[in-house]
Number of protein chains: 2
Amino acid sequence: MPKVTEAHRAARREEIIDAAVRCVLRDGYRGVSIASVIQESGLSAGAIYGHFVNKQELLVAVAERVLDGRVADLAAAQRRNGPLSPGELLVALIDGLRHEDVSAAIPQVWAEAAFDDDVRAVAERIFGRVRGILRTELVAWATASPGRVDGDAEEWADLVTPVVLAAVPGFLVQRAILRNFDEAAYLRALPVAYRR
Amino acid sequence: MPKVTEAHRAARREEIIDAAVRCVLRDGYRGVSIASVIQESGLSAGAIYGHFVNKQELLVAVAERVLDGRVADLAAAQRRNGPLSPGELLVALIDGLRHEDVSAAIPQVWAEAAFDDDVRAVAERIFGRVRGILRTELVAWATASPGRVDGDAEEWADLVTPVVLAAVPGFLVQRAILRNFDEAAYLRALPVAYRR
DNA sequence: GTCTATAATAGGATAGAC
DNA sequence: GTCTATCCTATTATAGAC
């Protein structure tokens, strides 16, 4: 079978996901209706159900789209010279986040994860990858200069990584809730709070 | 008019909110239907609409119920002797949180805040109170022993408070997403990560 | 104030033509 | 593969009896 057809099919699928993401940004994750996706995509019910067995499967694909891509920012930061401090790592990660429109939908996906186990699995997987990269960098940073950390660098990193990672939900939640949240100040504060 | 009637009326209202909170914990914020609240409360549609003009107003009351109460933990910690370190403050706050069932619904409310401005206002108000207490304590801690902080204690606290506060969403989100999230380890990590 | 019954609508999903 | 039309269920909110 011709390769073009497969590619076109995949492209149409992505198109539908794109439209659904826009719906989530406008109406919230649970506020998305098939009718809204139809309108936003310019397609029809038949087209959508030809690519997704039901609404839930579409929304899981949306969750994946929304959460993914954050890994790239960290991987890029990783490639720089020398180990980065916890604060510097977080600046790289969050500064990447805040310029992506889809990031506004991330808290939506986290909330949904508590009730849809497929969404939860997607979130856990991507969260795990980010945490893994972060942990590696923290070990490198703790090892680079002795005395930075009490005890073993790996043990320290295992313990501290979840707390360091908390800066990400902290940023997104405060940005969503507080009318005049100062994003730039938050980024400046990261190296201060986590400098050691 | 008799005072008892007023009190009874208020009590019935709280009863309905209680039932709605249980619905949120079971079905998610947007998954709550009037039918589910009717079932959970053992009341009827008429009873509910006699206390709330519509579903949205009920859900705003639910948001308030879910978010409030966190301030008490911090205020209690505040009363202890001597200024607490950032890590110790967070342990008090989060350890209080994790033993309350309703805390599982907090990420739901944060997600909803992006789309319902009344909910957002509730979240902003309560977040603001917690942040205010935290800031006061951080200033006291920074002032207590010189050299802990570069520059002015108040300026430092203003900058750092939002990042310290991030540990709360960080905890709740990771607990919701990660299948084997180690709550106790997170609490142990707080003083390590924020000790200075 | 609260109940039962119901109106009015919205939303998910399918059928069949093309 | 996609479109139009439609079925069916779920849901919000109201009306009127008690």
Side-chain angles (χ1 to χ4, degrees), chain A residues 1-63 108 112 115-119, chain B residues 1-63 108 112 115-119:
Chain A
M1 277 298 131
K3 211 173 184 178
V4 226
T5 312
E6 267 308 310
H8 278 179
R9 186 174 160 75
R12 175 53 56 90
R13 193 185 147 94
E14 294 303 306
E15 205 179 309
I16 295 169
I17 298 173
D18 286 344
V21 168
R22 290 194 296 274
C23 291
V24 171
L25 288 170
R26 200 186 49 228
D27 304 325
Y29 197 87
R30 295 281 267 268
V32 177
S33 69
I34 296 295
S36 69
V37 177
I38 289 170
Q39 172 139 23
E40 188 68 38
S41 66
L43 299 173
S44 66
I48 289 163
Y49 282 96
H51 287 268
F52 301 91
V53 297
N54 55 23
K55 181 183 167 179
Q56 200 202 331
E57 191 188 289
L58 168 57
L59 286 182
V60 170
V62 167
Q108 299 287 311
E112 186 61 16
F115 298 92
D116 180 333
D117 201 61
D118 290 334
V119 172
Chain B
M1 277 295 132
K3 214 173 183 178
V4 223
T5 311
E6 268 308 308
H8 280 179
R9 186 174 160 76
R12 174 53 53 93
R13 193 186 148 96
E14 294 304 306
E15 205 180 307
I16 295 168
I17 298 173
D18 286 344
V21 168
R22 291 194 294 275
C23 291
V24 171
L25 288 170
R26 201 185 51 228
D27 305 325
Y29 197 87
R30 295 282 267 269
V32 177
S33 70
I34 295 294
S36 67
V37 178
I38 289 170
Q39 172 139 22
E40 189 68 39
S41 66
L43 298 174
S44 66
I48 289 163
Y49 281 95
H51 287 270
F52 301 91
V53 297
N54 56 23
K55 181 182 166 181
Q56 200 204 329
E57 192 188 288
L58 168 58
L59 286 183
V60 170
V62 167
Q108 298 287 312
E112 187 61 16
F115 297 92
D116 181 332
D117 202 61
D118 291 334
V119 172

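To find a chain, count down the sequence lines: A is the first, B the second, and so on, and within it residues start at 1. Excluded from the calculations below are hydrogen atoms, water molecules and symmetry mates; all remaining heavy atoms, backbone and side chain alike, are included.
- The one candidate from A:Leu58, A:Ile34, A:Val37 that meets the side chain to side chain contact (heavy atoms under 4.5 Å, CB included) condition with A:Phe52 is A:Leu58.
- The shortest non-hydrogen separation linking B:Val62 to B:Ala20 is CG2-CB, 3.5 Å.
- Applying the side chain to side chain contact (heavy atoms under 4.5 Å, CB included) test between B:His51 and each of B:Glu14, B:Arg13, B:Glu57, B:Glu15 identifies B:Arg13 as the sole match.
- Of the side-chain N and O atoms in B:Arg12, none sit less than 4.0 angstrom from OP1 or OP2 of C:dG1.
- The shortest distance between side-chain heavy atoms of B:Lys55 and B:Leu59 falls below 4.5 Å.
- Here A:Asn54 contributes atom CG and A:Ile48 contributes atom CD1; the two are 12.5 Å apart, rounded to the nearest 0.5 Å.
- For the pair A:Arg13 CZ and D:dG1 P, the interatomic distance rounds to 12 Å; values are reported in whole Å.
- Of the listed residues (B:Glu112, B:Gln108, B:Gln56), just one forms a side chain to side chain contact (heavy atoms under 4.5 Å, CB included) with B:Val119, and that residue is B:Glu112.
- Atom CD of B:Glu15 and atom P of C:dG1 are 14 Å apart (whole Å).
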A:Val60 vs A:Asp116, side-chain contact (heavy atoms from CB on, under 4.5 Å): CA-CA, chis, key distance, verdict: CA-CA 9 Å; A:Val60 170; A:Asp116 180 333; 4.3 Å; yes

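- Residue pairs meeting the side chain to side chain donor-acceptor pair (under 3.5 Å) criterion with at least one member in residues 37-46 of chain A, sequence neighbours excluded: A:Arg22-A:Glu40, A:Arg26-A:Glu40.
- Annotation: proximity of residues 53-60 of chain A to DNA chain D (heavy atom, distance under 4.0 Å) is found for no residue.
- Residues from residues 33-52 of chain B with heavy atoms under 4.0 angstrom of DNA chain D, sorted by number: B:Ser33, B:Ile34, B:Ala45, B:Tyr49.
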